Structures are given as C-alpha cells and as structure tokens.
> 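The structure follows.
Keep in mind that what you see is a predicted model, and the values were worked out from it rather than measured.
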Protein chains: 2
Amino acid sequence: MSKAKLLFDLIMYVNTKRSFTAQDVADEFGVSIRTAHRYLADIDEMGVPLYTEPGRGGGYRVLNNRTLPPIVFDEHEAFAIFFAFQSLRNYPSLPFNININSVSRKLYASLPADSRHKADRLGSVLAFWHPAKTVPSPYLSLIIEAAAEQRVLQIEYVSKNENTRREVEPAGVYAYGGFWYMPALDRASGETRLFRTDRIAALEGTSETFVRQLRLDDWLQRLAASEPKDPVRLYAELNREGVRQCRSQPWLEPYLVMTGPEHGHVDVEIDRSELPFASDFFFRLGTSAKVIEPREAIEYIRREARERLRHYS
Amino acid sequence: MSKAKLLFDLIMYVNTKRSFTAQDVADEFGVSIRTAHRYLADIDEMGVPLYTEPGRGGGYRVLNNRTLPPIVFDEHEAFAIFFAFQSLRNYPSLPFNININSVSRKLYASLPADSRHKADRLGSVLAFWHPAKTVPSPYLSLIIEAAAEQRVLQIEYVSKNENTRREVEPAGVYAYGGFWYMPALDRASGETRLFRTDRIAALEGTSETFVRQLRLDDWLQRLAASEPKDPVRLYAELNREGVRQCRSQPWLEPYLVMTGPEHGHVDVEIDRSELPFASDFFFRLGTSAKVIEPREAIEYIRREARERLRHYS
DNA sequence: TTTAAACATGACAACTATTGGCATGGTTTA
DNA sequence: TAAACCATGCCAATAGTTGTCATGTTTAAA
C-alpha cells in the first residue's frame, strides 16, 4: 500500500475516534510507535486539525471541523456542484451559515483554465430566483434541529383571525415559492397542519420527544399527487387565454382538452376540500374561462364579485 | 516535494494540454523520460482517462471527462454540498443531466459514521419543493448554450393572443416558482422581454452572434428593486387578513404601516406599468383591503367584478 | 514525591521505493 | 527506411521510510 493511501486511511481512522493514542495507531496499522507519531505529524501538516494532550490520560483528538480524505471528482461532477450552489445563491434565508464559497474556491482552483471560463459563463447565464423577502425566517435552524431530533416545539402562530399558541411535532421544513413551510402535527387537535415559518411569531423548543408519524417525504408526495376522497367534478370551458393559464397549473394541465385551435376545456375530479382554491382560481381567470360545474364554484364566483362591487360602491 | 503532490501537479498539467508527449512532461518536471512514462502510468491508474497514440506525431491526450486533482474538504463543506443538492432534488426539469448521485456517493463514503447519520437526518427533514410540472422545458440546454456563446435564437412563442415568431438575444435563464424564464432582447422591437421557456413552441439556434446588452444579473437586480419612472400613489386600508396577505408581498411589505393591532394600511409609490398587477392583487384580496387611491385601481376592481357577474349571470 | 503514561524529537542503520540510463520492441507517418 | 512516438524490463545509484534507542517534557495518579 502506498503511503498516500495509508495516510488517507489514517484520516478516516482518526475521524471515527473521539480520542486515541499513538500506540492505538501503531497497533491498528502494524507499525512502530515512532512511525505512528510520524504519520500523525504528516496528516496534521496536511490540514487535519489534530489536538494533542501530553501526560498520562492524554493522547490525540480531532477538533470539530473534521477533515475528510481527499476526493477525486471529474469535471462534470465539479459542474454539478457549481450548478447546485447556483440554486442557493439567491435564497433569501437559508437554515445554516453554509459556506458555499470555500467549496467553490477549492473546486475553481482545481479546474483547468478553459473549464473556468465555462463555469463563469454558466454562472452568468443561469440563476434560480426567489423573491427577496424582507420578512426573514429566524427559526429555520431551530425547526430543522427539532425535526431531526424529534423534539416537540411550542409556537405562537399568526393565523387568519388571531395569534394561537400550539404544541407541534414538526416533520421538517421545505422551501416553496420563496417561503419556508413546516408541516407538523398539531398536538391539541391531533391533525396535520402546514405552517409558514415566517408567520411563526415566537418559538420555543422543549425537551419532550415524539414518535414520528408524519414524514416530510410523504407530505410532499401527497402534495404532488393527492387522490380525492370526496370527489367533485369540475368542468370549465376555456378560451385561448384560459388554456394558457390552465397549462401553468400542474393540477389542471393533465386534464386539459383542446376542442379547437383557440378553445378547450378541463374536466377533472378534485377533492371537495380543494373547491375553495379551485373556485378562486377560476374567479381570477374572469372571462377567460367559464365554469359549468359544480354549482358551488359558480356561486362562489358570483358571491365574490357581488361582494367586491358592494365593497367599492 | 512528495510524489503525491507531484502527481497532482501532473494531473493539472495534463488537464491544460490538448496533447503532449512524455518528453514534454520530462522537461516540465525535470525528470527523465523513463520517469515521465512511469508518472503517466501512475495517474492513468489513479483514474485519469489517458489515451495514447504511438508513432510519429502521436503522444498522450486526456479524454473528455477530465479528472480533477484530489480535493480535501472538511465536514462543513461536505454538508454544504449535500445541502445544495437537496435544493435540486425536486426540480421538475434541469438544464443538464447533471449527475448528483456520483458526487453524493463519493462524499457520503468519506464521511465518518456519525456524520452520515447527521446527513441522513438532514435530508429527511429538509426539502426544496417545486410543483411537478408536466409541461417540460426541452430547450433549456440550448438556451443556456446560446446565451453563453451570445448566439441569436429564433423562437416561436405562445403568447396571449397568438403564436409569434421572434428573433431574440437571450440573456440567460432563471428558475422561479417552478417555471424557467428567459429574459431576452426582442430584435424586432428592440425591447427587452421576459419569456417563459415552457411557452416556447419551437426554437432554432442561429450562427449569428450578438453583443450582450442585457445581463442576467442586472435583470434580476431590477426584479428585486425597481424604481418607478412614472410613479402612481397606491393607498389601501387593510384589516387583519389584508395585513397578513400584504406581508407576503415583497413589493408591499416595506410600506406596510400598522394603525392598530388588527388594522393597517399601505402607502407606496409604484410605477404606472405595475398598476394592472397591483389592481389585480387588491381585486383578489376582496374585502380584506380597501383601495383608496388611485382611482384607476378602484375602477379596475369594479369593472372586473361586474364583468364576472355578467359572465356568470 | 515518585511513577507511569502519554507526546516530541533526534540519530542512525536497515530496509524499501524511486529514479535514470540503457536496451529492446512495437506503431505510425513522412 | 528513418524518425518520432509509446511500452516495458533490468539494474545500480539514489532518495525516502521505518524501527530501535535515546532523551526530553508534561500530566495525573499512586
């Protein structure tokens, strides 16, 4: 085994240990103590933050920021990382103070000149945009930690009519459309609810733990493809602009039928609980669409329109 | 200099060359030809994809997938990369077939056991969600390439009233709210316009190049903070729900004034061109807000409401 | 206070790896 | 056919690594 390989193995070894002596290393790698000391001096020089304590009960230990053994990437992989970082660049608030720059610098330094230009150009023509929210989400890190360790949270939440105080079991957090959301189990009602983290007015962690009943994956899965439990038929006729708008709606696009170059309709079964949302969508569409079914949606639209006329009379 | 360091330098060296001979390497590193051959065999074994051609005019060259010299990360940096990848995981369509998994696997393998658990837990409680769009954006890669190389594009675009054919100078692409957008200069009108890439019905690259007048950064900057050229005063009173909704609007939030625990108002100067958007926003708010100024917005809301009543009479 | 257990470092001989030179042989192009 | 490449084996000279011993220092427990 080459020396380089041996040192990398040693790095792995010391990373798995809280504390160890030169004798431990000597035994593990079948070398003399003197050589063990030499090896440890080598990896220390390579940047592994070793801390030593002389005297009885002393030994070596690795400081918090553990160094990983060197990793070989190819150009495509380096681009994948740049690319992924690009997606975080414009995020208004991120959970941790993750240091993107140190990684970027290291990768960039290892790229040949022409690839650097390629990376520069990629960075200047590709972005992931998120509205620069002025309301930050200061509790993100706390929520993530609590969710990871399955600890109950006490929150004060700003909802439609009042501020409520709740005990919740967080499943995790996810970013969507510039906001951070926290699906969680409300302990009082026993129901799963979605909270927007910027609407959390106060948060306190407890030491109480819970058994995870709601997984973030499952929640997102359900978001992506939920099957209606109490189905309602929704039928609407669309003109050109209506077609265009419906195409932008993931929940409608699959059910869009074109009946001419400029006309179409949607015919879809949705869950009754989604009716307010759907009605509001078609209310916003105005004359670009005409809802034929269900009656409730039509009534909703009429009611909303009348209400506004009265409000601005 | 240790041999390992020398080999890494050699990897850098060969990555900068299209083609080279053993003699070149021998000269560059001050070693004999025999040793140059040995070094090249070494880095070949390390995974650098070397290709050799014997005979006069032959030599070594590196195949497409260039291998980068080994990079040392610490634990925080590895987490930053995992974290960034998490943000791409749920993206409906991505420009390149970037191979996130190979990077993840390498990083994961180099982590000590306890950090792996930490990474697992982080992954299961943190996500970046995007609606699973069923309309893909097949032209993303082409647009990015054209933007990077400043080549003119011919597109067929599905707009409100008709399909139009345009020649555009793309500034780049960005993802926002689950869609991909392309700010570009429309050559016919000479004006900058924003296109949604999923609404591009057809696309053709040309060999004609252009001088970049519109940079993606600038465009996004303008998105974030645009100053009105033709200012209109917007004043609206808000109840609790109205306050809550306006807080979610980056363009309104800074101008929100609370006049009581449950009431507030916004008083802001916006550009006249934004009036339709703003009017529509307050139209949607319904009775949660009452626009006092400008008259145009009030008229817009009344008109829209009346139109809907007529449409669904 | 003493002793054991740890790190730190130097010297040197034994051992191992690397190197350069030389030789031989193959492939391609002018 | 010769020149300009790569490929590989051999071997002595050189350079690097290792183990043993020796000598310090620091710390905690006996």
> Is any side-chain nitrogen or oxygen of B:T52 closer than 4.0 Å to OP1 or OP2 of D:dA7?
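Answer yes for this pair, as a side-chain N or O of B:T52 is under 4.0 Å from OP1 or OP2.
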> Judged by each residue's nearest nucleotide on DNA chain D, which is more toward the 5′ side, B:G57 or B:Y60?
B:G57
> With a 4.0 Å cut-off on heavy atoms, is A:G59 in touch with a base, just the backbone sugar-phosphate, or nothing at all?
sugar-phosphate
> Charged N to carboxylate O below 4.0 Å: is that the case for B:R187 and B:E169?
yes
> Considering only side-chain heavy atoms of B:S32, which listed nucleotide, D:dG19, D:dC6, C:dG21, is closest?
C:dG21
> Scan A:A41 against the nucleic acid and name what it touches under 4.0 Å (heavy atoms): base, sugar-phosphate only, or nothing.
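Answer is nothing: A:A41 stays at 4.0 Å or more from every strand.
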> Taking the minimum atom-to-atom distance to the side chain of A:R38, which one of C:dT19, C:dC7, C:dA11 wins?
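Taking heavy atoms from C-beta onward, the closest nucleotide is C:dA11.
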> Looking at every strand, decide which applies to B:Y39 at a 4.0 Å heavy-atom threshold: base, sugar-phosphate, or nothing.
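Touches sugar-phosphate only.
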> Any idea which of C:dG20, C:dC7, D:dC6 is nearest the A:T21 side chain?
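Of C:dG20, C:dC7, D:dC6, C:dC7 is nearest to the side chain of A:T21.
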> Taking the minimum atom-to-atom distance to the side chain of A:H37, which one of D:dA29, C:dA8, C:dT19 wins?
C:dA8
> Indicate the ring-plane relationship of B:F73 and A:F73, choosing parallel, tilted or perpendicular according to the 30° and 60° boundaries.
tilted
> Among D:dA28, C:dG20, C:dA11, find the nucleotide with the atom closest to the side chain of B:R34.
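From the listed options, C:dG20 comes nearest.
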> Does A:Y157 have its ring centroid less than 6.0 Å away from the ring centroid of A:F195?
yes
> Grab the CG-P distance between B:D44 and D:dA7 for me, whole Å please.
9 Å
> Would one find a side-chain N or O of A:K3 under 4.0 angstrom from OP1 or OP2 of D:dT17?
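Yes, such a contact exists.
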> Can you tell me if A:Y51 touches the phosphate of C:dC7, counting only side-chain N or O atoms and a distance under 4.0 Å to OP1 or OP2?
no
> Looking at B:E204, I want to see if its CD is surrounded by more than 12 non-hydrogen atoms of other residues, nucleotides or ligands under 6.0 Å.
no
> From C-beta outward on A:T35, which listed nucleotide comes closest to its side chain: D:dT26, D:dT18, C:dG26?
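The closest nucleotide is D:dT18.
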